[in-house]
Each structure stands twice: as structure tokens, then as C-alpha cells.
Amino acid sequence: MFICGFLGVAGLLCLAEAAGRLGFVSTVQFPLASTVLLTAAGLAADPEFLLDVGLTFAGWALGLLLTVALAVPAGLLLGSVPAIERALRPLIEFLRPIPSVALIPLAAFVFTERLDMKVAIIVYASTWPILINTMYGLKEVDPLAKDTLRAFGFGRLAVLLRVSLPSTAPFIATGIRVAATIALILAISTELLAGGSDGIGAFIILAGSSPDGLTLTVAATVWAGLLGIATNGVFVWAERRLFHWHPGTRR
């Protein structure tokens, strides 16, 4: 699968390079693929860009950790107590479809610190996949296992911790993996749309005013995509190692 993906990307880059060299695409409007790749390689040794990458990931990590700390207990509560789930379901279905990017201007008025705004947007956007996956995972728990523990006198909390939570863990992990990618997208989007002077998004905005602005902007965007792929890959690897026994991870 990796080789097929690599060949597909390489083929696309070769087509883009050929289109620019042969004049099918104006290099004024879009730089050559080789030029973009060379510029992207240079950014890997640029201290300013690396600092911005670190600041983006700092906000990403803080937002994702806070999301997990809030969404997992909330999902366990809603999935374990049907009355609460029925009461809050309309609110969840109302809030979940709201585009998170559309809330960035509102968050800019509420939060004076850029990091606080970034974390708040990340928490809002990343909560839903973890919350929904946790609730769904609880519904997939074997009822016989829960009934067996109850027959031995274990209470609701003990059943949740000993049976429901371990069975739901792979679903939670999948939700966290999806949320991690969403969190990175929102971290960069917030830096792009809300201003500021740090982060990958701010670097892309400032790159546009440089002499080689177009090439530098595309190269930084390429790095944003590569970091997203790497982040997802790390979570997929961890998911397979931790839950190798679960059918959903054997892919």
C-alpha cells in the first residue's frame, strides 16, 4: 500500500512538473513542482519555520489533551445513562453540524490570547468524533459480559470500568485519531484567519509578502499536509499496537 501511494504521488508530481515545463500551466501562477520541493526541503532547516511548527503543535497538543479529558468522560456518561443522552441529544445534533471555522471570528472577540482561542476552537471541533465514538462503542459492548458481572454483585461503576471501558477503548482510540487530524487543521486555520505572528498558519500568511512568496507559501502548505499525514500515521500505528486484537485495527 505504501509503495502504491508513493508511486501515485510521484506520478502526480511528474505530471505537474511536465505541465509547467511544457507551458500547459503558467509558472507565474503556480511554481514548478521541483521548485516547491526544493523550497520545502530548505524549510526543514529554517529555524524560524521550525519554531512556528513547534508552536502550532504545542497548541494542537494542549487542545487535543483537553478534548480527550472532556469528551471521553462525557461520552461514557451519555452512553451509560440513556435519560441524560435523550435529554442532550437535541443539543448535540444542533451544535455538531456548525462549521468550526465559522466560529473563529466569534472566538476572536471572546478570547484575547491567541493560544486560548486556538485551544477553544480545537476543543469544540475535536470533541464530536471522540464523543460520538465513545457513545457508539458503549452500545457495542457484549451485554452478556455486563450481566455476568452484575450477577456476581458488581455495581454500575465496576461494570463500566471492568467491561464497558476496555471494550470501548478501540472506538475511543479511533475517535482520538480522527480528532487529532481535525485539531491540526483547526490549529493552522485559526492561525491563518485570526492573525497573530506565530504558527504554521502565520508563517504562510507572512510568506505571501516575501519576494518569492508564491513558492514559499506552497512549500509551507506542503509541509502542513505532510505533518497531517505523519500525525495520522503515528496514531494509526499506536492504534494497531495497542488494540491488535480488535478486528477494526487489522487493515
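Along the sequence shown, residues are numbered consecutively beginning with 1.
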Closest contact, heavy atoms only, Leu184 versus Thr56:
CD1-CG2, 4.1 Å

If you count every heavy atom of other residues, nucleotides or ligands that lies below 6.0 Å from Glu93 atom CD, does the total exceed 12?
yes

Tell me the closest heavy-atom pair linking Ile121 and Ala107, and the distance in Å.
CD1-CB, 3.8 Å

Tyr136 vs Phe171 aromatic rings, parallel, tilted or perpendicular, using cut-offs 30° and 60°?
perpendicular

Would you give the length of the straight line joining atom CG of Leu64 to atom CD1 of Ile130, rounded to the nearest 0.5 angstrom?
6.0 Å

Where do Thr174 and Glu239 land on the side chain to side chain donor-acceptor pair (under 3.5 Å) test, with the steps shown first?
CA-CA 8 Å; Thr174 300; Glu239 199 175 334; 2.8 Å; yes

In short, Gly63 meets Val119 closest at the heavy-atom pair CA-CG1, 3.9 Å

Closest approach of Leu115 and Leu62, non-hydrogen atoms and distance?
CD2-CD2, 4.5 Å

Kindly say whether Gly79 contributes a backbone atom to a donor-acceptor pair with the side chain of Glu85 at under 3.5 angstrom?
no

Give me the atom names and distance for the closest heavy-atom approach of Pro129 to Val178.
CB-CG1, 4.0 Å

Has Trp223 got more than 12 heavy atoms of other residues, nucleotides or ligands less than 6.0 Å from its CH2?
no

Any side-chain to backbone donor/acceptor pair from Asp52 onto Gly199? Under 3.5 Å, distance only.
yes

